[in-house]
Amino acid sequence: MTREAMKKQWESIPVVSKEMNMELTLSSGQAFRWVQLEEEEEKVWAGTVGEKLFILRHHDDELQYRVATPTSDPSEDRQTLVDYFRLDVDLPSLYQQWSRDDNFRKKASCCQGIRLLQQPPLEALLAFICSSNNHISRISAMVLRLCERYGRFLGRIGDRDFHSFPTITSLVGVVKEAVLRDLGFGYRARYVRESVEEVGRRGGETWLELLRQQPYEDAKAELQQLPGVGSKVADCMCLMGLGHLGAVPVDVHMWRLVQRDYRVGGGSSSLTPAVYCRVGDKFREVFGETAGWAQAVLFTAELQMQKLGTQTGERRADKKTAGHKMPRKVRMPLSQDECQDKRKTKRLKL
Ligand SMILES: Nc1nc2[nH]c(O)nc2c(=O)[nH]1
């Protein structure tokens with residue numbers, strides 16, 4: 001897309017900032033393929049939803065967008081974004097409801113307007129398989145390379161190419177572990193390939209869509225039969241790919257938070273399956289049927305704190321290393337299984 005095309009008129013959907021924090025929503029580990037364009041003064045994001053390439057910004061209490069792919073029906077583009085950001089949900093009312101909890105009120109003050117994304121299920125599944133014990137920047141690199149290799153070219157903005165997320169038919173029987181390893185997937189290459197094959201056998205995207213209609217517990221149990229899908233990955237997928245808003249992903253950070261702030265954990269020193277359930281149940285008790293969305297807000301607050309901590313550490317280190325650039329990485333919180341593995345190797349103090 002040329003600079004001239006970039007200058008074309010923005011379409012808009014009214015959304016005040018209390019209802020949407022685009023920056024934190026798109027950068028806090030829910031979705032991994034949005035990129036920030038650097039050429040404008042304001043924060044502008046580019047990314048794809050389904051087969052559409054969007055450019056987005058939040059400006060003047062509006063979600064403003066341009067579609068870089070040809071569109072036959074402009075109202076469809078608008079609806080795609082309404083669905084993706086769940087703009088039909090009154091977020092300030094939800095925050096008000098969750099804020100009856102003192103801890104939430106304190107922690108969420110830095111993170112107003114976190115929308116829970118409604119992502120295409122196959123993309124959510126494969127991205128979250130890549131997410132455990134990983135950094136956001138690395139997960140993004142892996143998922144973008146997967147799209148580049150197996151997705152459809154949708155357009156170019158500046159010097160960047162954008163691709164759709166591959167369909168299950170473009171992956172089944174095609175995706176090779178060796179290729180994924182070359183793309184940097186490491187041990188997750190096997191999980192991705194095997195899960196692709198299994199989803200294909202079960203009916204592909206249609207099967208995943210059917211999991212939306214199933215009760216949360218049943219959908220989660222089905223997902224956990226896939227290679228590389230433990231409790232946390234299944235819950236991320238249920239929440240951000242299938243719309244089960246009561247699904248609560250639990251990692252070591254959420255677990256610590258719940259132990260500290262809600263006194264749950266029963267003195268256990270490891271995140272066992274029983275403790276995992278207790279933590280999720282506590283969230284559901286406090287936040288009701290939208291507990292997963294409340295978790296996404298607290299998760300974002302936690303990442304923000306980590307980031308600030310890293311930046312503070314960086315500044316200190318910068319002084320010592322006189323100009324050597326420190327890597328800025330935000331590690332995805334650990335899944336339950338990894339948490340237990342780490343305990344075995346005594347690398348994680350719990
Ligand atoms: N909102 C959340 N996003 C996540 N990404 C990821 O990898 N884990 C989580 C999570 O627990 N919550």
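The shown structure was predicted, so the numbers you read here are calculated from the model rather than taken from an experiment. Residues take their numbers from the sequence shown, with the count starting at 1. Numbering of ligands and ligand atoms starts at 1, following listing order.
Put simply, no part of M254 is less than 4.0 Å from ligand 1, judged by heavy atoms.
Every atom of ligand 1 with a heavy atom of S131 under 4.0 Å away is listed here by number and element: 7 (O). Those atoms of ligand 1 with a heavy atom of F128 less than 4.0 angstrom away are 5 (N), 6 (C), 7 (O). Of all atoms in ligand 1, listed by their number and element, those nearer than 4.0 Å to a heavy atom of P249 are 11 (O). The distance from ligand 1 to the heavy atoms of K232 drops below 4.0 Å at these ligand atoms: 6 (C), 7 (O), 8 (N), 9 (C), 11 (O).
In terms of polar-atom proximity, defined here as any N/O pair under 3.5 Å, Q30 makes no such contact with ligand 1. Note: an N/O pair closer than 3.5 Å links G29 and ligand 1 by distance alone. Not one N or O of S28 is nearer than 3.5 Å to an N or O of ligand 1, by distance alone.
The closest donor-acceptor contact from the side chain of T69 to the backbone of L53 lies under 3.5 Å. Under the 3.5 Å distance criterion, the side-chain polar atoms of Q30 are matched with a main-chain donor or acceptor of R115.
Taking the six-membered ring for Trp, F32 and F128 have ring centres closer than 6.0 Å.
At a heavy-atom distance under 4.0 Å, no atom of S132 approaches ligand 1. Both the backbone and the side chain of A296 come within 4.0 Å of ligand 1, counting heavy atoms alone.
Geometric assessment of R66 against the ring of W10 yields a positive cation-pi assignment under the 6.0 Å and 45° thresholds.
Under the 30°/60° scheme for interplanar angles, the aromatic rings of F104 and Y95 are found to stand perpendicular.
With sequence neighbours left out, D102 forms a side-chain hydrogen bond (donor to acceptor under 3.5 Å, both in side chains) with R105. Scanning for side chain to side chain contact (heavy atoms under 4.5 Å, CB included) contacts around E285 gives K282, with sequence neighbours left out.
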